[in-house]
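Each remark here refers to the structure printed beneath this line.
Protein chains get the first letters and strands the later ones, always in sequence-line order, with residue 1 at the start of each.
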Number of protein chains: 2
Amino acid sequence: MKPDDRRQAIMDVLMEAGTASVEELSFRFGVSKMTVHRDLDDLEQAGLLRKVHGGASIQSSPQFESDFRYREKIATSEKRRLGEYAATLVEPGQSVIIDDSSTAGAIAGFLKDIRPLTVITNNLGVITDLSGVPGMNLIALGGHYSKRFNGFFGVVTEEALRSLRADVAFLSSSAVEGTAAFHQDQEVVQIKRQMVKSANRKYLLVDHGKFGRSALHFLMGLEAFDAVLTGSEVSDGHARELGDAGVGLLRIDNQKIMEKA
Amino acid sequence: MKPDDRRQAIMDVLMEAGTASVEELSFRFGVSKMTVHRDLDDLEQAGLLRKVHGGASIQSSPQFESDFRYREKIATSEKRRLGEYAATLVEPGQSVIIDDSSTAGAIAGFLKDIRPLTVITNNLGVITDLSGVPGMNLIALGGHYSKRFNGFFGVVTEEALRSLRADVAFLSSSAVEGTAAFHQDQEVVQIKRQMVKSANRKYLLVDHGKFGRSALHFLMGLEAFDAVLTGSEVSDGHARELGDAGVGLLRIDNQKIMEKA
DNA sequence: TTGAAATATCACATATAGATGTTATCTTTT
DNA sequence: AAAAGATAACATCTATATGTGATATTTCAA
């Protein structure tokens with residue numbers, strides 16, 4: 001295991017647990033405490049965690065939470081799982097919309113083998129990821145770049161979307177309360193709404209942590225989506241609530257779908 | 001000097017001279033012939049050159065020439081020079097269009113200090129380069145991605161451009177013959193033309209090697225540009241030809257402008 | 001507040017992977 | 001076949017990563 005891999009792994013541990021001791025990390029990765037200290041210093045330098053006496057804890061200010069570098073890491077395993085499953089909903093030859101979220105972005109990696117394929121996105125991560133994949137028709141949505149979301153937004157984006165039509169769209173939102181999705185940014189909301197309009201089938205991908213939270217702007221009701229994909233970790237209460245409202249919910253297990261409500 | 005730097009440097013030499021001997025490279029970089037061999041093997045593996053007995057020569061099939069990985073490397077110093085000068089034509093607060101070319105792309109690095117600034121581009125290299133620069137309002141033009149040009153093209157791109165207006169545009173073309181610019185790709189031509197329409201001042205940046213060559217599609221007459229920027233290496237004959245036709249030509253020296261025709 | 005225990009840091013020693021050079025041997029060119 | 005060049009195998013060198021033990025700092029309880 002190389003240093004960089006170990007550091008990534010440390011972040012993964014932190015993302016899960018929120019906090020970890022030097023002792024524990026040292027044992028877990030089979031390296032000295034000194035090495036763990038050096039890793040933590042490095043990661044702290046990069047602004048990814050905060051060292052505390054005895055270990056480290058994850059940065060978690062509100063400002064930090066909405067930073068995409070943070071968001072792209074949290075719940076990585078759940079996101080990968082959702083992404084992997086979502087990719088099975090796509091057939092070769094289709095066109096797919098992917099929004100600016102890191103959750104939807106996780107699909108990109110799994111789409112590389114489904115060719116030919118058209119991918120439409122305003123997500124810079126996805127663009128970088130898929131540019132140069134042979135057999136991949138990559139359509140970028142322009143717009144002004146937002147560092148916070150690592151994507152493109154605005155009238156230009158919206159107009160470009162209006163002239164396009166896709167088979168499937170994969171979106172995410174930062175919060176799900178009751179049977180509606182919410183997002184903290186008006187501009188992002190605009191684009192997501194247009195994406196839904198421009199696609200035949202629509203799926204909302206949200207990790208279980210998003211349930212029961214709210215955000216400033218109403219995005220849309222969940223009934224707008226063909227299905228909501230989330231991790232099996234989601235509480236039965238939330239699952240039932242959606243089921244009662246007639247919203248299709250797919251709880252994705254590590255191996256397969258758990259339940260089709 | 002690190003291995004990767006040396007390999008890059010070897011490519012630079014090759015780009016200039018077209019061919020180089022192992023002996024020569026070994027001496028020039030102060031390493032053994034064995035090391036040069038290893039470098040060349042590596043670069044050959046990456047498809048960037050062809051080994052021949054005694055040295056290496058550059059890959060130079062027509063297909064390869066129009067590959068952006070190749071284009072982004074040739075005449076680097078001249079391009080940097082043009083880019084650096086071009087940046088002086090931009091004032092803080094303005095909006096700037098940069099096209100898909102690597103020549104125009106070279107401006108990006110020099111624009112980072114001119115803030116605030118709006119940059120409009122379909123060049124993925126520039127987007128990657130400028131995303132995250134604070135004080136920079138980066139507007140990407142969408143469109144379908146072309147690996148060959150590492151940029152975005154098509155109706156979407158064109159439409160986005162139509163709704164935008166910039167103070168300055170920096171373009172390049174693959175050939176200049178007489179007093180007209182040419183390009184090998186129809187789709188690219190479309191976008192460049194719209195860029196010119198969407199900008200107040202327009203500059204064409206071309207390294208001296210582009211003069212006297214031609215390409216499939218007529219792009220536009222040079223009189224459409226406020227000035228043509230090129231290296232001082234350009235022949236007097238070509239310079240005179242432009243001057244006679246009333247086209248503004250700026251020959252950029254290593255230190256300053258040589259001549260203002 | 002103070003001192004013992006826990007933890008962190010520092011400076012140096014060691015280990016390791018990658019890069020390079022050398023020489024001998026094989027291959028190509030003429 | 002001789003000369004030039006390429007390759008292979010091994011030795012050496014170097015930067016980076018890691019570990020160790022000494023020293024400093026922090027924590028917490030008395």
Side-chain angles (χ1 to χ4, degrees), chain A residues 1-61 64 69-70 72-74 76-77 128 132, chain B residues 1-61 64 69-70 72-74 76-77:
Chain A
M1 185 180 233
K2 287 182 178 174
D4 282 346
D5 297 332
R6 187 182 53 243
R7 281 164 199 182
Q8 181 56 53
I10 288 176
M11 282 313 292
D12 285 346
V13 171
L14 271 263
M15 297 303 178
E16 276 301 316
T19 158
S21 76
V22 171
E23 179 76 41
E24 177 190 332
L25 293 170
S26 162
F27 171 76
R28 179 153 182 177
F29 296 110
V31 294
S32 72
K33 290 181 205 167
M34 190 63 231
T35 299
V36 171
H37 275 295
R38 282 190 269 244
D39 286 345
L40 296 181
D41 287 345
D42 225 66
L43 293 165
E44 185 173 43
Q45 200 64 26
L48 294 169
L49 54 76
R50 195 179 38 201
K51 281 188 83 172
V52 294
H53 209 77
S57 84
I58 196 136
Q59 286 282 8
S60 189
S61 66
F64 189 75
R69 279 167 303 181
Y70 171 81
E72 84 185 354
K73 304 211 167 168
I74 60 169
T76 38
S77 90
T128 310
Chain B
M1 185 180 233
K2 286 184 177 173
D4 282 347
D5 297 332
R6 188 181 53 243
R7 281 164 200 180
Q8 179 57 53
I10 287 176
M11 283 313 293
D12 286 346
V13 171
L14 270 265
M15 298 302 178
E16 276 300 316
T19 158
S21 75
V22 171
E23 179 77 40
E24 177 192 330
L25 293 170
S26 162
F27 171 77
R28 179 151 179 176
F29 297 109
V31 295
S32 72
K33 290 181 205 168
M34 190 61 230
T35 298
V36 171
H37 275 295
R38 282 190 269 244
D39 286 345
L40 296 181
D41 287 346
D42 224 67
L43 292 165
E44 184 173 43
Q45 200 65 25
L48 294 169
L49 52 78
R50 194 179 38 200
K51 281 187 84 171
V52 295
H53 209 77
S57 83
I58 196 133
Q59 286 282 9
S60 190
S61 65
F64 187 76
R69 278 167 305 181
Y70 171 80
E72 85 184 354
K73 303 205 168 171
I74 61 170
T76 36
S77 90

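For the side-chain contact (heavy atoms from CB on, under 4.5 Å) with B:L40, the qualifying choice from B:L25, B:V52, B:T35 is B:L25, the only one to do so.
Computed from C1' positions of five pairs at each end, the angle between the two local axes of the helix from C:dT1-D:dA30 to C:dT30-D:dA1 equals 30°, rounded to 10 degrees.
What you find for B:S32 and B:S26 is that their closest heavy atoms are C-OG, 3.8 Å. B:A20 approaches B:V13 most closely through the heavy-atom pair CB-CG1, 4.2 Å.
Contact annotation for B:K33: no contact, since no heavy-atom pair falls under 4.0 Å across all strands. Within 4.0 Å (heavy atoms only), B:V52 reaches sugar-phosphate atoms of the nucleic acid but no base atom.
Between atom CD of residue B:E44 and atom NE2 of residue B:H37 there is a gap of 11.5 Å, rounded to the nearest 0.5 Å. Here the CZ-CZ distance, from B:R7 to B:R38, works out to 9.5 Å after rounding to the nearest 0.5 Å. Taken to the nearest 0.5 Å, the CD1 atom of B:I58 stands 5.0 Å off from the CG atom of B:L14.
We find that CD of B:E23 is positioned 11 Å from P of D:dA4, with the value rounded to whole Å. Spacing between atom CZ of A:R7 and atom P of D:dA17 amounts to 7 Å, rounded to whole angstrom units. In this structure, CG of A:D42 is placed 12 Å from C1' of D:dA17, rounded to the nearest angstrom. Distance B:D41 CG to D:dA6 P: 10 Å, rounded to the nearest Å. Summarising the geometry, the separation between NZ on A:K2 and C1' on C:dT16 is reported as 12 Å, rounded to the nearest angstrom.
Distance from the side chain of A:M34 is smallest to C:dT9 among C:dT9, C:dT20, C:dG21. Out of C:dA8, C:dT20, D:dA6, the shortest distance to the side chain of A:H53 is found at C:dA8.
Heavy atoms from other residues, nucleotides or ligands lying under 6.0 Å from NZ of A:K33 number 12 at most.
When the side-chain nitrogen and oxygen atoms of B:T35 are compared with OP1 and OP2 of C:dG21, one or more of them lie within a distance under 4.0 Å. Put simply, B:H37 has no side-chain N or O that comes within less than 4.0 Å of OP1 or OP2 on D:dG5. Regarding contacts with the backbone of D:dT26, every side-chain N or O of A:K51 stays at 4.0 angstrom or more from both OP1 and OP2.
Side-chain to base pairing of A:R38 with D:dG19: one donor and one acceptor N or O lie within less than 3.5 Å of each other.
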